[in-house]
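As structure tokens, the structure follows; a few thoughts come after it.
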Amino acid sequence: MHPDITIFHNPSCSTSRHVLTLIREAGFEPQVVEYLKTPYTREQLAGLLQALGLRPRDVIRRKGDLYTELDLARNDWTDGQLLDLMVSHPALVERPIVVTPLGTRLCRPTERVLEVLPARAA
């Protein structure tokens with residue numbers, strides 16, 4: 001395991017699986033956090049958003065029934081309200097998010113992970 005590389009991963013997501021494969025092919029074994037089993041804390045998600053330079057709406061997953069059921073397309077949701085919903089419903093967070101010593105990326109498209117991977121492991 002490379003303690004300085006973390007992927008917030010959903011194994012049922014093909015994009016997330018592909019990013020994990022790219023990390024491993026680069027010679028790293030990251031810390032894998034299955035965020036649906038180990039949900040984000042509010043502070044953790046807020047910190048990831050800050051590191052990404054994004055707001056909650058920028059990383060909210062629009063696919064799936066939950067987005068529609070909660071009427072999240074409305075523009076009157078505050079960042080705090082969206083953040084609380086994303087913590088309560090981690091499936092609302094777009095994936096995967098990867099954290100390395102070189103930065104944090106929402107890896108969509110998958111190749112974005114290459115921007116933050118350290119030099120190839122030996």
Side-chain angles (χ1 to χ4, degrees):
M1 180 179 342
H2 194 284
D4 296 331
I5 298 177
T6 301
I7 179 172
F8 293 88
H9 179 59
N10 179 345
S12 68
C13 170
S14 61
T15 301
S16 195
R17 289 192 311 269
H18 187 218
V19 169
L20 182 56
T21 298
L22 287 174
I23 294 168
R24 288 177 171 155
E25 286 176 350
F28 300 103
E29 183 54 42
Q31 176 183 358
V32 177
V33 177
E34 290 188 29
Y35 65 90
L36 295 178
K37 291 182 181 177
T38 307
Y40 299 102
T41 65
R42 192 178 201 282
E43 296 74 23
Q44 180 184 43
L45 188 54
L48 288 169
L49 288 170
Q50 183 175 8
L52 288 164
L54 298 173
R55 298 176 60 191
R57 185 159 303 277
D58 299 326
V59 298
I60 203 157
R61 183 169 169 76
R62 289 167 175 78
K63 292 181 183 176
D65 295 337
L66 197 53
Y67 183 84
T68 303
E69 287 171 18
L70 295 173
D71 197 17
L72 294 178
R74 287 189 357 239
N75 289 327
D76 60 341
W77 290 99
T78 67
D79 284 352
Q81 289 171 322
L82 290 173
L83 188 61
D84 288 340
L85 284 169
M86 294 162 81
V87 168
S88 298
H89 305 282
L92 286 172
V93 181
E94 194 61 85
R95 72 261 181 166
I97 296 173
V98 175
V99 179
T100 81
L102 301 178
T104 302
R105 292 290 184 281
L106 173 59
C107 296
R108 288 186 167 271
T110 57
E111 294 76 20
R112 295 223 46 217
V113 73
L114 303 175
E115 299 171 5
V116 293
L117 284 181
R120 190 169 187 89

Supply the atom-to-atom distance Arg105 CZ to Thr100 OG1, rounded to the nearest 0.5 angstrom.
-> 8.0 Å

Going hydrophobic residue to hydrophobic residue with side-chain gaps under 4.5 angstrom, can you get from Leu72 over to Leu54?
-> yes

What distance separates Ile60 CD1 from His89 NE2, expressed to the nearest 0.5 Å?
-> 10.0 Å

Transitively linked via ILVMFWY side-chain contacts under 4.5 Å: Ile23 with Val99?
-> no

Restricting to pairs with a member in residues 64-76, which pass salt bridge (Lys or Arg N to Asp or Glu O under 4.0 Å), not counting sequence neighbours?
-> Asp71-Arg74, Arg74-Asp76

CD (Gln44) and CG (Leu49) are apart, to the nearest 0.5 Å, by 11.0 Å

At what distance, to the nearest 0.5 angstrom, does CG of Leu114 lie from CG of Leu102?
-> 12.0 Å

Looking at CZ of Arg112 and CD1 of Ile97, how far apart are the two atoms once the value is rounded to the nearest 0.5 Å?
-> 11.5 Å

Within-4.5 Å side-chain heavy-atom neighbours: Leu20 and His9 | yes

Do you know the tightest heavy-atom contact between Leu82 and Pro56?
-> CB-CB, 3.8 Å

Contact summary for Glu34 and Pro11, nearest pair of heavy atoms = OE1-CG, 3.6 Å

For residues Leu48 and Val93, determine if any side-chain heavy atom of one lies less than 4.5 Å from a side-chain heavy atom of the other.
-> no

Is it the case that more than 12 heavy atoms not belonging to Arg55 sit under 6.0 Å from its CZ atom?
-> no

Check the surroundings of atom CD in Gln50: do more than 12 heavy atoms from other residues, nucleotides or ligands lie under 6.0 Å from it?
-> no

Validation row: Phe28, Pro118 side chains within 4.5 angstrom (heavy atoms) | yes

Taking the side chain as every heavy atom from C-beta outward, state whether Arg42 and Leu83 have any pair of such atoms under 4.5 Å apart.
-> yes

Would a hydrophobic clustering, with Ile, Leu, Val, Met, Phe, Trp and Tyr connected at side-chain separations under 4.5 Å, put Leu117 with Leu52?
-> no

So Leu70 and Leu92, side-chain contact (heavy atoms from CB on, under 4.5 Å) or not? Walk me through it.
-> CA-CA 10 Å; Leu70 295 173; Leu92 286 172; 4.0 Å; yes

Any side-chain heavy atom of Tyr40 within less than 4.5 Å of one from Val33?
-> no

Are Val87 and Pro39 side-chain neighbours, meaning at least one heavy-atom pair lies under 4.5 Å?
-> no

Within one Ile-Leu-Val-Met-Phe-Trp-Tyr cluster: Leu22 and Phe8, side-chain cutoff 4.5 Å = no

State, yes or no, whether a side-chain contact exists between Met86 and Leu45 at a heavy-atom distance under 4.5 Å.
-> yes

Arg61 side chain near Tyr67 side chain, heavy-atom distance below 4.5 Å = no

Atom OG1 in Thr110, atom NE2 in His18: separation rounded to 0.5 Å?
-> 4.5 Å

Are Ile7 and Val113 connected, step by step, through hydrophobic side chains (Ile, Leu, Val, Met, Phe, Trp, Tyr) whose heavy atoms are closer than 4.5 Å?
-> yes

Just do the side-chain contact (heavy atoms from CB on, under 4.5 Å) check on Val116 and Thr104 with the steps written out, would you?
-> CA-CA 7 Å; Val116 293; Thr104 302; over 6 Å; no

Taking all atoms of both residues into account, what is the closest heavy-atom pair of Ile5 and Pro101, and its distance?
-> CG1-CD, 4.5 Å

